[in-house]
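All remarks here apply to the structure that follows.
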Amino acid sequence: MREVLLVRYGEVFLKGANRPHFLKVLTDNVKKAVKPIGGHVWMSDSRIYVSDFEDLNECIRRVTKVFGIYSVSPAVEMEKDLDAIANQCVEMMRGFSGSFKVFARRSDKHFPLNSLELGAELGGRVLDSNPNLTVDVHHPQHRLSVEIRDNAYLCVEEIKAVGGMPMGTGGKAALLLSGGIDSPVAGYSLMKRGVRCCAIHFQSPPYTGELAKDKVLQLAGKLAEYSGGIRVYMVPFTHCQLEIHEKCPDGLGTLITRRFMMRIAEQIAKQFGAQALITGESLGQVASQTMEALTCTDAVVSMPVFRPLIGMDKTEIMAIAEQIDTYETSILPYEDCCTVFTPRHPVTKPKLHTMPDAERKLDIEALVREAVENTEVVQI
Ligand code: ATP
Ligand code: MG
């Protein structure tokens, strides 16, 4: 008899020809997640199991962050002996009160009792041993699950995991990661759909400092907990910003800055092998996020730009930031390159056809090239 972690994955994405590939990626990702704590991982009968971990809680913490995993249960793995199983059921339900139901499932048809008989037998024995319990087959408070497979697996507790699609099965994209609340959430949303992301951050020293840089690396580190690592591109952006500030109409400063970010990001994204860009914009949140402004931003790149937060309120975004533990880092008060040269009266309804004229004094190609060439790569 030993303690294992029983791991459940979603079935939806597992139909069709991709199934073996997705399962292999998913199992490998669980292996990677528990490797530092020495867990042994295997798959059998449409379940993943983990054993030989040092610390159950740490194992749960790690596995519940693997995209594609829907829930986990600490379980007892034991021999398929009815009396031994019954005794263990009694043991596991000892501290409980309220209603319960036994969910028995016999996959091994050699086991003498079928699923129904086994459920009834075990339920009866547990009931006899614990007067604080009653049976409720429709809405039980506690679910004692007993699965008869190559071994018997018993568990009571089920802990929800992140869900989503296995990391790496959704292609690659480049996340424009600021130090704010929104962009880490935007990255998380796509990562959850199996997209492997790199992060691109624009910094403007000396206007932005080391603390701002550390903050972004810290945020990237939080995202890396879900992806098993992330590459961060640190783009020197000061020259672009000074040029824009000096040579472009003030009211369009932020928008032109955003257009440069997109141009540079697209180049870096190609180096990474990404097919799309991701930003944390939400419609109407600020002047640069109106429909007209977003049209002007998108016009400079040919890659699709994913904005998973476009229809979300700030409070909804903040709730996810809390949940994925980026919020506390995001609200640290360090300057972002965007706040350095904010125009006093930004244009909220810019016209796309006026943009080339507004940018005509800039050597766009040279500025983009310079920024890309001097970009620093940090692997987390
Ligand atoms: P966030 O909370 O993500 O910073 P925001 O509401 O402050 O978003 P903006 O500052 O207008 O909005 O930025 C919009 C998006 O542009 C961000 O979500 C992010 O994807 C990208 N972005 C902004 N500043 C930077 C930066 N310094 N480096 C990388 N990406 C950035
Ligand atoms: Mg911001």
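Just follow the structure's listing: the first ligand is 1, and inside any ligand the first atom is 1. Keep in mind that what you see is a predicted model, and the values were worked out from it rather than measured.
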(message) Within the structure, is a non-hydrogen atom of Arg258 found at a distance of less than 4.0 Å from ligand 1?
(response) yes

(message) Does ligand 1 come near enough to Met261 that some N or O of the ligand is less than 3.5 Å from an N or O of the residue?
(response) no

(message) Pairing donors with acceptors under 3.5 angstrom, does anything connect the side chains of Ser71 and Glu158?
(response) yes

(message) Under a 3.5 Å cutoff, is there a donor and acceptor pairing between the side chains of Ser178 and Ser183?
(response) yes

(request) Using a 4.0 Å heavy-atom cut-off, say whether Leu175 meets ligand 1 through its side chain, its backbone, both or neither. (result) neither

(message) Parallel, tilted or perpendicular: which one describes the rings of Trp42 and Tyr49, with boundaries at 30° and 60°?
(response) parallel

(message) Please report whether the ring centroid of Tyr207 lies less than 6.0 Å from that of Phe341.
(response) yes

(request) Quick one: look at Leu177 and ligand 1, take heavy-atom pairs under 4.0 Å, and tell me if it's side chain, backbone, both or neither. (result) backbone

(request) Using a strict cut-off of 4.0 Å, indicate which atoms of ligand 1 neighbour a heavy atom of Asp336. (result) 24 (N), 27 (N)

(request) For the pair Tyr226 and Tyr188, name the ring-plane relationship: parallel under 30°, tilted 30 to 60°, perpendicular over 60°. (result) perpendicular

(request) Report, in ascending order of atom number, the atoms of ligand 1 lying under 4.0 Å from any heavy atom of Ile200. (result) 29 (C)

(message) Heavy atom to atom 9 (P) of ligand 1, shortest distance: which of Gln289, Glu281, His201, Gln285 holds it?
(response) Gln289

(request) Say whether Ser129 and Arg94, considering side chains only, have a donor N or O and an acceptor N or O under 3.5 Å apart. (result) no

(request) With side chain to side chain donor-acceptor pair (under 3.5 Å) as the test, would you mind laying out the steps for Ser145 and Arg105 before giving the verdict? (result) CA-CA 8 Å; Ser145 155; Arg105 192 157 129 194; over 6 Å; no

(request) Taking only heavy atoms of Ser288 into account, list the atoms of ligand 1 that are under 4.0 Å away from them. (result) 11 (O)

(request) Compute the shortest N/O to N/O distance between Pro184 and ligand 1 and return yes if it is under 3.5 Å, no if not. (result) no

(message) Do Arg19 and Phe22 form a cation-pi contact, if we require the NZ or CZ to be under 6.0 Å from the six-membered ring centre and within 45 degrees of the ring's axis?
(response) no

(request) With heavy atoms of Gly180 as the reference, note each atom of ligand 1 found under 4.0 Å away. (result) 1 (P), 2 (O), 4 (O)

(message) Can you tell me which portion of Ser178 lies within the under-4.0 Å heavy-atom range of ligand 1? Options are side chain, backbone, both, or neither.
(response) both

(request) Report yes if some N/O of Thr279 lies less than 3.5 Å from some N/O of ligand 1; otherwise report no. (result) no

(request) Kindly confirm or rule out an N or O of Ile278 lying under 3.5 angstrom from an N or O of ligand 1. (result) no

(request) Test the Lys172-Phe272 pair against the cation-pi criterion, namely NZ or CZ under 6.0 angstrom from the six-membered ring centroid and within 45° of the ring axis. (result) yes

(request) Using distance alone, determine whether Ile181 and ligand 1 share an N or O pair under 3.5 Å. (result) yes

(request) Considering the heavy atoms of Gly280, write down every atom of ligand 1 situated less than 4.0 Å from one of them. (result) 17 (C), 18 (O), 20 (O)

(request) Kindly check if the number of other-residue, nucleotide or ligand heavy atoms within 6.0 Å of NZ (Lys109) is above 12? (result) yes

